[in-house]
Amino acid sequence: MLDPKLIKESPQIIQDMLKARSVEFDLVGLIESDQKRREFIIKTDELRKKKNQVALEISQKKKKGENVSSILEEMKNVSAKLSELELEQENIEKSYSKLALTIPNLVHKSVPVGVDESSNIEIRKWGNIPNFDFKINDHIDISENLDLVDLERAAKVAGARFYYLKNDLVRLNQSLIHYGLDFLAKKEYSLIQPPYMINRESMEGAVIADDFEEVIYKVEEEDLYMIGTSEHAMAAMHSNEIIEGKDLPLRYAGVSPCFRKEAGAHGRDQKGIFRVHQFDKIEQFVFSRPEDSWNEHEKMISVAEEFYQSLEIPYRVMLLSTGDMGKVSSKTYDIEAWMSGQNAYREIVSCSNCLDYQARRLKIRFRDKTNEDTQYLHTLNSTLIATTRILVALMENGQTKDGHIKIPHVIQSYMGNQKEI
RNA sequence: GCCGGGAUAGCCAAGUGGUACGGCGACCGUCUCGAAAACGGUUACGCGCAAGCGUGCAGGGGUUCGAAUCCCUUUCCCGGCGCCA
C-alpha cells in the first residue's frame with residue numbers, strides 16, 4: 001500500500017512508477033474513489049455529530065423527567081439516514097481498498113527500467129568458475145549415482161517437484177541450516193522459527209493479491225495458508241504494533257520450510273531439486289527506520305555475499321530491472337551462484353527493500369517519544385540460504401573425478417569433519 | 001473436544017442501556033544554576049488549511065431513539081477435565 005496523500009498530491013510520481021513497471025492500473029479510478037471516500041467521511045461524520053448531540057439531549061431531558069417522544073422521532077430519522085449513508089460508504093471503501101491494495105510499490109531511482117530479466121544489471125562478481133578435467137554431471141545424475149535423492153518415489157507419493165533427500169545429503173542440508181543460523185547469530189540477528197501456516201489477514205499484509213493464486217497453498221476449511229517463506233510470517237509478526245524507536249532496527253533470522261505452488265513455472269527447471277514445492281530456507285528480515293533502510297539493504301546483501309564467500313561458491317550480484325522485480329519491492333538485488341552442471345549463474349538469493357509498503361498494510365509503526373506521532377517503519381527481506389539450490393551448487397561445483405562431492409571447509413565441522421560425500 | 005471464567009488505550013484497571021472513572025510508565029512544559037518533587041499538558045486512528053469533528057471497549061452480526069454494557073456468533077487467553085508427539 002502507498003501513502004494515500006502521495007497519490008492525491010503527486011499522481012505524476014505514481015504514473016511514472018506504473019510506466020516504469022509496465023503495469024496496467026486504474027490510477028484515475030483510485031484517485032476518484034479516494035476523493036469520493038473522503039467526501040463520504042465528511043458527510044457521515046457530520047451526521048454522527050448530529051446523532052451524538054440528539055442522544056445527549058434525550059438523556060438530559062430524561063433525567064429532568066421531560067417528555068421526549070418528539071425528539072425520539074428525530075433521532076430515529078437521523079439514525080435511519082446514517083445507516084443508509086454508511087452502507088454506501090462501505091461500498092466506496094471496498095472499491096477503494098481493492099485498488100489501493102493492488103497498486104505496486106514505488107521504484108528506487110537506481111533501478112533499471114525494462115520488461116524482463118534481460119535488463120538486469122550485473123553489479124559485481126566473486127570467485128572463480130571451477131575448471132574440470134573430466135566430463136561433469138548435473139546434480140540429478142550426481143545425486144542419483146550417490147543415492148542422495150529419490151525423485152521418482154516423491155512423484156509417486158506427492159507429485160512432481162517433490163523430493164526425498166537421502167543419506168549424507170540430509171546431513172549436508174541440516175548442516176547448512178545449522179551453519180547459517182550460527183552465521184547470523186554471530187551478527188546479532190534474533191533467531192526465529194515462525195508458524196508455517198498463517199491466517200489470511202497476515203498473508204495479505206506481506207503478499208500482493210495476484211500472487212496468492214500463483215504461489216500460496218491454502219489449507220482447506222481453515223483460515224490458514226502455508227507460508228511461501230518465513231518472510232510472510234515475520235512481516236506479520238509485529239502487525240498492529242507501535243515499536244519504540246530505540247529498539248530499531250530489529251534484525252531477524254527466520255528459519256522454516258517454504259511451500260510454493262510454482263503455478264507460473266510450467267516447464268521450467270522441471271527436473272531435480274532446483275525448483276520445488278517445498279524447501280528449507282533461512283531468511284533475513286529487518287524492521288528499520290525509514291532513513292536507515294537503504295543502508296540496511298546494502299548491509300543485508302553483503303551479509304549474504306560474505307556467507308557465500310565462506311562457502312566458496314562463485315556468484316554474481318544482479319540489480320533487478322523493473323520488469324523482473326516483485327510488486328512489493330522498491331529495489332531488489334539477486335545473487336546468482338555459478339552452477340557447473342548447468343553452465344550458468346542461477347538465482348539463489350533475493351534481497352529487497354519494501355520501504356513502508358508492507359508496514360502500511362500491516363500497520364507496523366514506531367515512534368521515539370510517546371507524545372510524538374507514529375510513523376510507518378520500513379521492512380526489508382533477504383534470503384540467506386534456500387538449501388535445495390545450494391545443494392545443487394555444491395553437488396555440481398564440488399564434484400570429483402571419482403564421482404564424489406567435496407564438502408566446503410566451513411561445513412565440515414558440522415558433519416563430523418567429513419570432507420567428502 | 002467438553003465445562004467454567006475472561007479480552008477496555010503502552011501497562012494496570014473502573015464502568016449492568018444515556019458524553020470511556022482512575023492509576024502507572026513515557027514524553028513535553030512551568031518552576032530551578034541544574035535535577036528531583038510539585039503542578040499543567042501530551043501519550044490509537046481518520047477527515048479538515050484551521051477551529052474542530054468523528055471513529056475506537058478482541059472481530060463480525062443483531063436488539064434499541066441510543067450498546068463497553070443486552071442477545072447471537074467467531075477468534076484468542078486463563079482454569080479444570082479429556083485426548084496426545
Side-chain angles (χ1 to χ4, degrees), chain A residues 1-10 30-97 99-101 193-205 218-225 233 236-248 250 257 287 289 356 359-377:
Chain A
M1 210 157 107
L2 297 175
D3 184 353
K5 287 210 170 78
L6 181 75
I7 297 172
K8 185 180 152 201
E9 284 158 20
S10 315
L30 178 64
I31 292 169
E32 275 173 3
S33 64
D34 182 44
Q35 175 67 28
K36 223 169 164 189
R37 174 182 147 261
R38 286 167 204 270
E39 283 164 13
F40 261 88
I41 290 170
I42 293 168
K43 269 199 257 181
T44 52
D45 276 4
E46 264 168 23
L47 211 52
R48 288 198 186 102
K49 181 181 174 186
K50 169 106 190 189
K51 188 180 156 184
N52 289 341
Q53 285 169 343
V54 178
L56 186 60
E57 220 176 306
I58 291 171
S59 103
Q60 281 170 347
K61 283 201 170 167
K62 271 202 161 176
K63 273 181 197 159
K64 288 186 207 154
E66 291 173 26
N67 187 317
V68 291
S69 55
S70 68
I71 203 166
L72 277 187
E73 202 56 38
E74 188 188 354
M75 185 71 162
K76 233 178 203 169
N77 290 336
V78 172
S79 289
K81 184 131 189 250
L82 184 60
S83 306
E84 243 172 73
L85 269 180
E86 278 174 340
L87 199 71
E88 247 182 288
Q89 186 181 20
E90 204 180 308
N91 289 331
I92 288 159
E93 287 285 353
K94 261 187 207 153
S95 58
Y96 166 75
S97 59
L99 283 171
L101 282 170
Q193 200 171 328
Y196 301 159
M197 295 171 250
I198 60 178
N199 61 31
R200 173 114 204 163
E201 192 186 348
S202 301
M203 194 59 100
E204 275 176 349
K218 163 100 176 73
V219 179
E220 252 184 272
E221 313 277 322
E222 305 271 352
D223 178 25
L224 286 173
Y225 297 79
M237 199 171 161
H238 292 294
S239 60
N240 295 305
E241 291 184 23
I242 299 168
I243 292 170
E244 286 193 49
K246 67 175 168 55
D247 293 334
L248 295 177
L250 292 170
F287 297 89
R289 307 177 69 88
D356 62 0
R360 278 181 187 280
R361 292 170 156 240
L362 291 161
K363 297 193 176 62
I364 313 172
R365 293 150 292 167
F366 78 97
R367 69 182 157 199
D368 293 304
K369 294 176 177 172
T370 50
N371 61 341
E372 281 180 356
D373 282 347
T374 58
Q375 273 187 75
Y376 289 105
L377 47 70

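To find a chain, count down the sequence lines: A is the first, B the second, and so on, and within it residues start at 1.
- Rounded to a whole Å, the NZ atom of A:Lys61 is 15 Å from the C1' atom of B:rG18.
- Distance A:Phe366 CZ to B:rC45 P: 13 Å, rounded to the nearest Å.
- B:rA20 and B:rC28: their P atoms are spaced 31 Å apart (whole Å).
- Per the geometry, CD1 belonging to A:Ile243 stands 14 Å off P belonging to B:rC11, to the nearest Å.
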Checking side-chain hydrogen bond (donor to acceptor under 3.5 Å, both in side chains) for the pair A:Gln53/A:Glu57: CA distance, chi angles, key distance, verdict?
CA-CA 6 Å; A:Gln53 285 169 343; A:Glu57 220 176 306; over 6 Å; no
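- Ion pairing of A:Arg38 with A:Asp34 is present here, as a side-chain N (NZ or NE/NH1/NH2) and a carboxylate O approach within less than 4.0 Å.
- When every heavy atom of A:Leu377 is checked against every heavy atom of A:Arg365, the shortest pair comes out as CD2-O, 4.3 Å.
- For the pair A:Ala233 and A:Pro195, the tightest heavy-atom approach, listed with the atom from each and the gap, is CB-O, 3.8 Å.
- Place A:Lys5 and A:Ser59 on RNA chain B by their nearest nucleotides, and A:Ser59 ends up nearer the 5' end.
- Atom-to-atom, CG of A:Asp3 to P of B:rC45 comes out at 14 Å; the value is rounded to the nearest Å.
- Residues A:Tyr225 and A:Asn199 fail the side-chain proximity criterion, which asks for heavy atoms closer than 4.5 Å.
- Applying the 4.0 Å criterion to OP1 and OP2 of B:rA44, one finds that A:Arg367 has every side-chain N and O outside that range.
- Counting any heavy atom pair closer than 4.0 Å across all strands shown, A:Lys36 reaches no nucleic acid atom.
- By the 4.5 Å heavy-atom criterion applied to side chains, A:Glu372 and A:Lys369 are counted as neighbours.
- Which of B:rU43, B:rU19, B:rC47 sits closest to the side chain of A:Ile41 comes down to B:rC47.
- The two residues A:Asp373 and A:Arg367 come nearest to each other via the heavy atoms O-CB, 3.8 Å.
- Between the P atoms of B:rA26 and B:rC31, the separation comes to 22 Å (whole Å).
- For RNA chain B, if you chain together Watson-Crick or G-U pairs that step i with j, i+1 with j-1 and so on, the runs of at least three with distances under 3.5 Å are B:1-7 with B:75-81, B:10-12 with B:22-24, B:25-30 with B:38-43, B:44-47 with B:52-55, B:58-62 with B:70-74.
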For nucleotides 50-69 of chain B, just jot down a letter per nucleotide in 5' to 3' order: B, S or -, based on protein non-hydrogen atoms under 4.0 Å.
---SSS---------BS---
Can you list the steps and then say if A:Leu85 with A:Phe40 is a side chain to side chain contact (heavy atoms under 4.5 Å, CB included)?
CA-CA 8 Å; A:Leu85 269 180; A:Phe40 261 88; 3.5 Å; yes
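- Taking the side chain as every heavy atom from C-beta outward, A:Asp247 and A:Glu244 approach each other to under 4.5 Å.
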What string of B, S and - do you get for nucleotides 24-29 of chain B, 5' to 3', if B is base contact, S is sugar-phosphate-only contact and - is no contact with any protein heavy atom under 4.0 Å?
-BBBS-
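- Comparing B:rC27 with B:rA44, their P atoms are spaced 16 Å from each other, to the whole Å.
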CA sep, side-chain torsions, deciding dist, call: A:Gln193, A:Tyr196, side-chain hydrogen bond (donor to acceptor under 3.5 Å, both in side chains):
CA-CA 9 Å; A:Gln193 200 171 328; A:Tyr196 301 159; 3.0 Å; yes
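- A gap of 12 Å separates the C1' atoms of B:rA68 and B:rA58, to the nearest Å.
- If you take atom C1' in B:rG54 and the same atom in B:rG10, they sit 24 Å apart, rounded to whole Å.
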Worked verdict on A:Arg289 versus A:Asp368 for salt bridge (Lys or Arg N to Asp or Glu O under 4.0 Å):
CA-CA 11 Å; A:Arg289 307 177 69 88; A:Asp368 293 304; 2.9 Å; yes
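- Atoms CD and CD, on A:Gln89 and A:Glu39 in that order, are 11.5 Å from each other to the nearest 0.5 Å.
- Atom CG in A:Asp373 sits roughly 11 Å away from atom C1' in B:rA44 (whole-Å rounding).
- Between B:rA13 and B:rG61, the distance separating the two C1' atoms is 29 Å to the nearest Å.
- B:rC2 and B:rA85 are spaced 22 Å apart, taking the C1' atom of each and rounding to whole Å.
- What separates CZ of A:Phe40 from C1' of B:rG46 is a distance of 16 Å, to the nearest Å.
- One can place CZ of A:Arg365 at 14 Å from P of B:rU43, the figure rounded to the nearest angstrom.
- The P atoms of B:rG34 and B:rC24 are separated by 26 Å, rounded to the nearest whole Å.
- The distance from atom CD of A:Glu201 to atom C1' of B:rC76 is 13 Å, rounded to the nearest whole Å.
- Between A:Arg361 and A:Asp356, no side-chain nitrogen of the basic residue sits less than 4.0 Å from a carboxylate oxygen of the acidic one, so the salt-bridge criterion is not met.
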